[in-house]
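The structure under discussion appears below in the form of structure tokens.
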Number of protein chains: 2
Amino acid sequence: MKALTSIQQKFILHWGEMGTRWGINRTVAQVHALLYLSPDPLPADEITTLLGVARSNVSTSLKELQGWGIVRLVHVMGDKRDHFESLHDVWEMFRIILDERKRREIDPTREMLRATLNASAEEGLDEFTRMRIQELSDFMETSMAWYTQVSRWPQSVLTRFLRLGDQVLSLLKGGRG
Amino acid sequence: MKALTSIQQKFILHWGEMGTRWGINRTVAQVHALLYLSPDPLPADEITTLLGVARSNVSTSLKELQGWGIVRLVHVMGDKRDHFESLHDVWEMFRIILDERKRREIDPTREMLRATLNASAEEGLDEFTRMRIQELSDFMETSMAWYTQVSRWPQSVLTRFLRLGDQVLSLLKGGRG
DNA sequence: GATGAATTTCTGTTAATACTGAAATCTCAG
DNA sequence: CTGAGATTTCAGTATTAACAGAAATTCATC
């Protein structure tokens with residue numbers, strides 16, 4: 001891959017900025033953006049050059065992205081260096097990201113809420129607080145149960161479903177009588 | 001409101017931690033958690049005491065939360081100080097948060113992607129990059145169009161819908177013939 | 001198993017963000 | 001108007017997270 005075009009640079013910078021707003025390291029997001037745009041797997045050195053950050057920083061970011069499961073290590077014929085490529089399927093990519101954030105952040109929160117509600121007897125949990133936590137817990141359980149099911153739908157089904165939007169309501173009414 | 005129980009403290013700390021992971025200031029999230037748990041509106045001074053942070057920090061956080069639209073200023077009879085209360089309806093609260101994040105972060109990104117695709121003629125946008133950006137753009141347009149519609153549904157409709165989960169698929173098939 | 005390239009880990013530095021306390025401003029009763 | 005309480009702004013400080021460069025390790029080849 002040769003030097004980045006201004007459009008590619010703009011995209012990568014924006015993506016990095018977006019990352020920081022959602023609690024993702026800027027460089028990690030930039031590396032991901034670069035690999036997403038790259039037609040071929042890139043070696044770490046090239047990422048270093050293209051983004052202008054330290055080699056070690058790239059190494060850490062790649063580890064992080066592999067941990068998320070949206071970047072993987074591949075080998076290229078005649079080159080003994082590790083190369084890296086991003087998923088290119090956007091739907092799959094976001095599904096994985098959502099799954100991971102659910103697993104890392106939301107599930108532990110749900111667990112905490114559940115534990116709190118259970119401990120209500122022993123520890124002093126007043127009625128008002130219990131109510132608030134109960135409602136938060138219900139919200140999370142309901143939405144996550146839904147997400148877990150929907151995230152398993154094949155992409156074609158999902159897109160067709162999303163495109164229905166409001167229409168789904170009337171179809172549901174019709175479908176039931 | 002008297003001193004926080006250990007359960008309340010735990011919840012507030014967890015919520016603050018959760019905030020940082022999603023790009024929200026820890027104190028802002030803590031103030032929000034505290035007000036969410038509070039049966040009555042609280043004056044800034046009391047928040048300061050309960051959370052053990054600087055008065056000015058609370059002031060800034062309250063401004064931020066009001067900007068998001070999930071906390072509002074109210075007055076209490078016989079007390080000239082400003083008091084603050086959080087929304088207590090969880091569904092409404094998350095709807096507002098999602099709306100805001102969409103408005104602040106996702107919409108500008110969509111705009112950027114659209115602009116890039118339009119500029120493809122003038123600036124040098126190679127076919128591969130165009131494809132990648134097109135797919136990202138499509139993903140965002142589809143999912144945001146869906147969200148915009150669904151977020152307007154009354155809560156009762158939304159919860160009933162979510163609880164269907166997978167069932168919605170068979171109902172849709174049935175409904176159409 | 002020695003050699004050199006590639007990669008990762010680690011530590012100190014830098015940059016960004018959050019926070020405090022003081023000062024300034026606002027508000028309103030008297 | 002005046003003054004006390006309440007609130008916000010702001011400049012400096014502290015904390016945290018990100019990063020670079022050096023050192024250590026791994027890996028493949030001979």
Side-chain angles (χ1 to χ4, degrees), chain A residues 12-35 40-68 71-85 104-105, chain B residues 12-35 40-68 71-85 104-105:
Chain A
I12 291 168
L13 292 174
H14 186 102
W15 208 242
E17 207 49 50
M18 188 66 19
T20 63
R21 301 218 176 198
W22 293 86
I24 290 166
N25 180 284
R26 178 178 281 113
T27 308
V28 170
Q30 286 184 355
V31 170
H32 174 242
L34 173 59
L35 291 176
D40 312 303
L42 297 179
D45 275 325
E46 194 154 356
I47 299 174
T48 301
T49 311
L50 289 171
L51 295 183
V53 296
R55 180 54 232 273
S56 56
N57 200 2
V58 170
S59 175
T60 310
S61 299
L62 287 168
K63 268 279 149 62
E64 178 80 8
L65 288 165
Q66 284 172 274
W68 280 81
V71 161
R72 60 175 191 171
L73 191 156
V74 294
H75 286 111
V76 168
M77 281 295 277
D79 193 332
K80 71 180 195 172
R81 295 174 303 174
D82 294 346
H83 286 61
F84 300 88
E85 67 180 8
R104 300 179 185 197
E105 295 149 18
Chain B
I12 290 168
L13 291 175
H14 186 103
W15 208 241
E17 208 49 51
M18 188 66 21
T20 63
R21 301 217 178 200
W22 293 86
I24 289 165
N25 180 284
R26 177 179 281 111
T27 308
V28 170
Q30 286 184 354
V31 170
H32 174 241
L34 172 58
L35 292 176
D40 311 301
L42 298 178
D45 276 325
E46 196 154 354
I47 299 173
T48 301
T49 312
L50 290 170
L51 295 184
V53 296
R55 179 56 232 273
S56 54
N57 201 2
V58 170
S59 176
T60 310
S61 299
L62 286 168
K63 269 279 147 63
E64 178 80 8
L65 288 165
Q66 285 171 275
W68 280 82
V71 161
R72 61 174 190 172
L73 191 157
V74 295
H75 285 110
V76 168
M77 282 295 279
D79 193 332
K80 73 176 192 172
R81 295 175 303 175
D82 293 347
H83 286 61
F84 300 88
E85 68 180 10
R104 298 178 186 199
E105 293 149 19

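Letters A, B, ... are given to chains in the order of the sequence lines, protein chains preceding strands, and every chain is numbered from 1.
With axes fitted over five pairs at each extremity, the angle between the ends of the helix from dG1(C)-dC30(D) to dG30(C)-dC1(D) is 20° (10° resolution).
Atom CZ of Phe84(B) is separated from atom NZ of Lys63(B) by 7.5 Å, given to the nearest 0.5 angstrom. Between the CG atom of Asn57(A) and the CG atom of Asn25(A) there is a distance of 6.5 Å, given to the nearest 0.5 Å. Atom CG of Leu42(A) is separated from atom OG1 of Thr48(A) by 10.5 Å, given to the nearest 0.5 angstrom. Atom OG1 of Thr20(A) and atom CH2 of Trp15(A) lie 12.5 Å apart (nearest 0.5 Å).
Residue pairs meeting the salt bridge (charged side-chain N to carboxylate O under 4.0 Å, His left out) criterion with at least one member in residues 73-83 of chain A, sequence neighbours excluded: Asp79(A)-Arg81(A).
Within the 4.5 Å cutoff, the side chain of Leu50(B) has no heavy atoms near those of the Ile12(B) side chain. At least one side-chain heavy atom of Leu35(A) sits under 4.5 Å from a side-chain heavy atom of Leu62(A).
Asn57(A) comes within 4.0 angstrom of the backbone, heavy atoms only, and of no base.
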Quick one: which protein N/O atoms are closer than 3.5 Å to N/O atoms of nucleotides 26-30 of chain C? Pair and distance per line, please.
none

Listing time: all N or O pairs from protein to nucleotides 8-10 of chain C that are below 3.5 Å?
unit_1 : atom_1 : unit_2   : atom_2 : d
dT8(C) : OP1    : Lys63(A) : NZ     : 3.3
dT8(C) : OP2    : Ser59(A) : OG     : 3.0

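Per the geometry, CZ belonging to Arg21(A) stands 15 Å off P belonging to dA16(C), to the nearest Å. Here dA18(C) presents its C1' atom at 15 Å from CD1 of Ile24(B), a figure rounded to the nearest Å. The interatomic distance linking Arg81(A) (CZ) with dT7(C) (C1') rounds to 12 Å, in whole Å.
For Leu65(A), the side chain to side chain contact (heavy atoms under 4.5 Å, CB included) partners two or more places apart in sequence, or in a different chain, are Val28(A), Val31(A), His32(A), Ile70(A), Val71(A). Among residues two or more places apart in sequence or in another chain, the side-chain hydrogen bond (donor to acceptor under 3.5 Å, both in side chains) test is passed with Arg55(B) by none. Scored by the side-chain hydrogen bond (donor to acceptor under 3.5 Å, both in side chains) test, Arg21(A) finds no partners at all (sequence neighbours excluded). By the side-chain hydrogen bond (donor to acceptor under 3.5 Å, both in side chains) test, Glu17(B) is found to be paired with Arg26(B), residues two or more places apart in sequence or in another chain being considered. Shown here are the salt bridge (charged side-chain N to carboxylate O under 4.0 Å, His left out) partners of Glu64(A), two or more places apart in sequence or in another chain: there are none.
Here the options are Ile47(A), Val58(A), Leu51(A), the test is side-chain contact (heavy atoms from CB on, under 4.5 Å), and the partner is Gln30(A); only Leu51(A) passes.
Reading DNA chain D from its 5' end, the first and the last nucleotide to sit under 4.0 Å from a heavy atom of chain B are dA6(D) to dT9(D).
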